[in-house]
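Read the structure below first, then the notes.
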Amino acid sequence: MSANATRIRELISAERLQARLTELAAEIESDYRGGDPPLCIGVLKGSVFFLVDLLKRIDIPLHVDFLQTSSYGSGTEPGEVRILKDVDLPLRGRHVLLLEDIVDTGYTLNTVLALFRFRGASSVKLCALLDKRGARQVEVPIDYCGFEVENVFVLGYGLDVDERYRNLPYIGVLEGATDE
Ligand code: IMP
C-alpha cells in the first residue's frame, strides 16, 4: 500500500480565515479602545498563527504573552489540565484577552479562565478562532468567535495532528487512511 493515502479536505479557506480576522480585529479594537492596553495571551502552540494575523490588524496599544497547557496525548484524563508554561507577566488589574485556536470539550479554557480570574485580572475575555460546540462538556463563554465547526478533528492554521499540518494556511480535515 502507498505510504500515504490521506487527503485533506478544506473546511475553511485561507481567504475566509483572513476576512473573518479583519472583522474580529475591528470588534476587539473598538471594544478596548480608550482603556488600559489589553494583555493578549495566546495558548501555545495552536494559537500562534491566528494570534499573529489577528493582532497585526489591531491598531491600539496592547501587550502579548503566552501560556502552554497540556493537550491531547498527554496521558491525563480529559478534565485534568496542566500548565506546561505559565505567563511571564503579572495579571493583577489587567484586562486579559485570551486567544485560543479551538474550544473543544472546554476543559482547557474553563481551567485557564478560572486561574486568570483567581490571579486578579480586572477582566478576562476569550477569543477563539474555532468553536466545536458539539464536543462541549463544560460551558465556556466565547466573547469573540471566528467560526463554528462540526465535531470532527480539524487541522491547519496552527492546529496539528501529531505536530504536523500547523503551517497550512487553511483549516482542513483528514480524509482516508495512512500507513505511514
Ligand atoms: P479542550 O480542552 O477539549 O477544549 O481542547 C483544547 C485543545 O485541544 C485545543 O487547544 C487544541 O490544542 C486541542 N484540540 C481540540 N480539538 C482539536 C482538533 O480538532 N484539532 C486539533 N487540535 C484540537
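Just so it is clear, the values below take in all heavy atoms, side chains as well, and ignore hydrogens, waters and symmetry mates. Both counts, for ligands and for their atoms, begin at 1 and track the order of listing.
When each atom of ligand 1 is checked for a heavy atom of Asp160 under 4.0 Å away, the hits are 21 (C). Near Tyr107, meaning under 4.0 Å from one of its heavy atoms, ligand 1 places the atoms 2 (O). Residue contact check: Gly106 has heavy atoms under 4.0 Å from atoms 1 (P), 3 (O), 4 (O) of ligand 1. When each atom of ligand 1 is checked for a heavy atom of Leu159 under 4.0 Å away, the hits are 21 (C), 22 (N).
The hydrophobic cluster around Val96 extends to Leu39, Ile41, Val43, Leu67, Ile83, Val87, Leu89, Leu91, Leu98, Val103, Leu109, Val112, Leu113, Leu115, Phe116, Val124, Leu126, Val140, Ile142, counting ILVMFWY residues whose side-chain heavy atoms fall within less than 4.5 Å of a member.
Under 3.5 Å, the side chains of Glu27 and Tyr144 contain no donor-acceptor pair of N or O atoms. In this model, no donor atom of one side chain and acceptor atom of the other lie less than 3.5 Å apart for Tyr157 and Asn167.
Taking a 4.0 Å cut-off on heavy atoms, Val43 fails to register as neighbouring ligand 1. The shortest heavy-atom distance from Val152 to ligand 1 is under 4.0 Å. In this structure, Asp101 counts as a contact residue of ligand 1, since one of its heavy atoms falls inside 4.0 Å of the ligand. For the pair Gln137 and ligand 1, no heavy-atom separation below 4.0 Å is found. Residue contact annotation: Val149 has no non-hydrogen atom under 4.0 Å from ligand 1.
There is no path of hydrophobic side-chain contacts, each under 4.5 Å, that joins Leu130 to Phe153.
In summary, Arg7 and Glu175 engage in a salt bridge, as defined by a charged side-chain N under 4.0 Å from a carboxylate O. For the pair Glu163 and Lys45, the salt-bridge criterion is met [side-chain N within less than 4.0 Å of a carboxylate O]. Ion pair Arg133/Asp131 flagged as a salt bridge, since at least one NZ, NE, NH1 or NH2 atom sits closer than 4.0 Å to an Asp/Glu carboxylate oxygen. A salt bridge is defined here as a Lys NZ or Arg NE, NH1 or NH2 lying under 4.0 Å from an Asp or Glu carboxylate O, and Asp88 with Lys85 meets this definition.
Taking all heavy atoms of Val173, Leu44, Thr108 into account, the minimum distance to atom 2 (O) of ligand 1 is reached by Thr108.
An N or O contact shorter than 3.5 Å links Val154 to ligand 1 by distance.
At a heavy-atom distance under 4.0 Å, no atom of Val161 approaches ligand 1.
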